Amino acid sequence: MSHRPSRRVVRAAGPPQSRPLPAPPRDGSGASRLPRKAIVFVGPMAAGKTSIGKRVAKELGVPFIDTDSQIVQRHGAITEIFAQRGEAEFRRIEADVVAREIAEPGARIVSLGGGALTTAQTREILRDYPVILLMTTERAVMKTVNLAKRPLLRDDPGAWSRILEQRRPQYEAAAKVTFRTDKNSKEGITRMIIDWIYQQSGKY
Ligand SMILES: Nc1ncnc2c1ncn2[C@@H]1O[C@H](COP(=O)(O)OP(=O)(O)O)[C@@H](O)[C@H]1O
Ligand SMILES: O=C(O)C1=C[C@@H](OP(=O)(O)O)[C@@H](O)[C@H](O)C1
Ligand SMILES: [Mg+2]
């Protein structure tokens, strides 16, 4: 039977802290304390999955994979895929890329697109993975989001909240832990996530 770690929600609150990023353990056990499989970032559009995922991977010294980037490399711009082939075809391509990247052995960070969990196959595969949900607010997103790259928001930025409410149950069911990216600096969030990953030692 697969091991199902208990869910824990970390609500980032309070002022940004100045503690440095956690150093890898001095006994050289850092790598052995990491999961031997993908650590997966999920969450709504522009919550920070790509940017925080990249930082966490760099700090841990493990590969970083962004499934949207993989799709763009193989199939061209996401806006073009949506416009010319439709969202259903995009989801099919996305599900294949996610399945392939998640199946690679060894510690690595895999950041998904915000709609990846709308595919049942992806939700099922992720049940036994350390899945980190990044959550934010429409207010915070509207300050930072690059609308040109996100076809679902481009013509209707207010769709962010409506889409989030539709998907929230899927995000919450998949998440083993949640971090708020609207309440902390990128460095602070990165540090908390790395702490959490090391706390998972031996679970995955
Ligand atoms: N505290 C924060 N955490 C994460 N992202 C932040 C934060 N503050 C600002 N941002 C910005 O928000 C945007 C998030 O975009 P991105 O990482 O592409 O999100 P996603 O991959 O979830 O769509 C980036 O431009 C990032 O620089
Ligand atoms: O939420 C979504 O349906 C989407 C999110 C995007 O990724 P980000 O969440 O990284 O912006 C990208 O996959 C595509 O535009 C569709
Ligand atoms: Mg992204």
Side-chain angles (χ1 to χ4, degrees), residues 2-5 7 34-58 60 62-136 141 145-146 149-153 159-160 163-164 166-179 181 189 193 196-197 200 203-204:
S2 61
H3 177 80
R4 301 293 307 277
R7 287 168 200 284
L34 293 175
R36 292 178 197 161
K37 52 173 28 175
I39 299 159
V40 185
F41 282 80
V42 301
M45 277 178 272
K49 303 177 294 297
T50 300
S51 50
I52 301 286
K54 206 176 283 180
R55 280 174 178 246
V56 170
K58 192 172 171 205
L60 293 178
V62 303
F64 172 70
I65 293 96
D66 185 79
T67 55
D68 281 334
S69 299
Q70 300 279 315
I71 293 169
V72 170
Q73 277 172 29
R74 289 183 176 80
H75 302 274
I78 290 175
T79 42
E80 289 301 308
I81 303 174
F82 268 74
Q84 291 169 10
R85 299 163 73 176
E87 181 172 352
E89 177 63 4
F90 175 79
R91 296 298 168 205
R92 196 193 60 70
I93 294 168
E94 179 179 53
D96 285 353
V97 169
V98 171
R100 189 178 56 239
E101 295 300 342
I102 295 293
E104 288 287 324
R108 61 219 303 263
I109 303 295
V110 180
S111 292
L112 308 189
L117 298 185
T118 62
T119 304
Q121 171 186 291
T122 300
R123 297 198 297 274
E124 188 57 33
I125 295 173
L126 290 181
R127 287 166 68 95
D128 295 322
Y129 282 79
V131 176
I132 296 170
L133 171 59
L134 297 187
M135 190 49 75
T136 183
V141 161
V145 70
N146 181 349
K149 287 191 169 175
R150 289 172 172 90
L152 294 175
L153 300 183
W160 188 90
I163 294 171
L164 169 59
Q166 286 163 12
R167 295 173 178 171
R168 191 186 289 279
Q170 295 171 342
Y171 291 137
E172 291 182 348
K176 306 301 192 294
V177 66
T178 301
F179 295 92
T181 56
I189 295 157
I193 291 174
W196 181 82
I197 290 170
Q200 305 312 297
K203 289 186 185 171
Y204 295 96

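Keep in mind that this is a model prediction, so the values were computed, not measured.
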**Student:** Out of curiosity, I52 CD1 to T181 OG1, how far, rounded to the nearest 0.5 Å?
**Tutor:** 7.0 Å
**Student:** Could you pull out all donor-acceptor pairs under 3.5 Å where a side-chain atom in residues 118-126 meets a protein atom, sequence neighbours excluded?
**Tutor:**
{"residue": "T118", "atom": "OG1", "partner": "G115", "partner atom": "O", "Å": "2.6"}
{"residue": "R123", "atom": "NH1", "partner": "L117", "partner atom": "O", "Å": "2.8"}
{"residue": "R123", "atom": "NH1", "partner": "T118", "partner atom": "O", "Å": "3.3"}

**Student:** Considering all heavy atoms of both residues, which atom of G113 and which atom of T67 are nearest to each other, and what is their separation?
**Tutor:** N-OG1, 3.6 Å
**Student:** Can you find a pair of side-chain heavy atoms, one from Y171 and one from T178, that are under 4.5 Å apart?
**Tutor:** no
**Student:** Identify all side-chain donor-acceptor contacts of residues 35-49 below 3.5 Å with residues at least two apart in sequence or on another chain.
**Tutor:**
{"residue": "K37", "atom": "NZ", "partner": "D128", "partner atom": "O", "Å": "2.6"}
{"residue": "K49", "atom": "NZ", "partner": "G43", "partner atom": "O", "Å": "3.0"}
{"residue": "K49", "atom": "NZ", "partner": "P44", "partner atom": "O", "Å": "2.8"}

**Student:** Using modelled atom types only, decide if a donor and an acceptor are shared between the side chain of K176 and the backbone of R127 within a distance under 3.5 Å.
**Tutor:** yes
**Student:** Does the pair R92/D96 count as a salt bridge with the N-to-O cut at 4.0 Å?
**Tutor:** yes
**Student:** Side-chain contact, heavy-atom cut-off 4.5 Å: M135 with R168?
**Tutor:** yes
**Student:** When rounded to the nearest 0.5 angstrom, what is the spacing between CD1 in I78 and CG in D68?
**Tutor:** 3.5 Å
**Student:** Only pairs at least two apart or in different chains count here, so list each side-chain hydrogen bond (donor to acceptor under 3.5 Å, both in side chains) that has a residue in residues 75-84.
**Tutor:** E80-Q84
**Student:** Could you check whether the rings of W196 and F179 sit parallel, tilted or perpendicular, using 30° and 60° as the cut-offs?
**Tutor:** perpendicular
**Student:** Which atoms form the tightest heavy-atom contact between I109 and G53, and what is the distance?
**Tutor:** CG2-O, 3.7 Å
**Student:** Side chain to side chain contact (heavy atoms under 4.5 Å, CB included) between V177 and Q200: does it pass, once the steps are laid out?
**Tutor:** CA-CA 11 Å; V177 66; Q200 305 312 297; over 6 Å; no
**Student:** Rounded to the nearest 0.5 Å, what's the gap from CG on D66 to OG1 on T50? Could you check?
**Tutor:** 3.5 Å
**Student:** Check whether any side-chain N or O of R55 sits under 3.5 Å from a backbone N or O of I189 as a donor-acceptor pair, and report yes or no.
**Tutor:** no
**Student:** Out of curiosity, F64 CZ to K58 NZ, how far, rounded to the nearest 0.5 Å?
**Tutor:** 13.0 Å
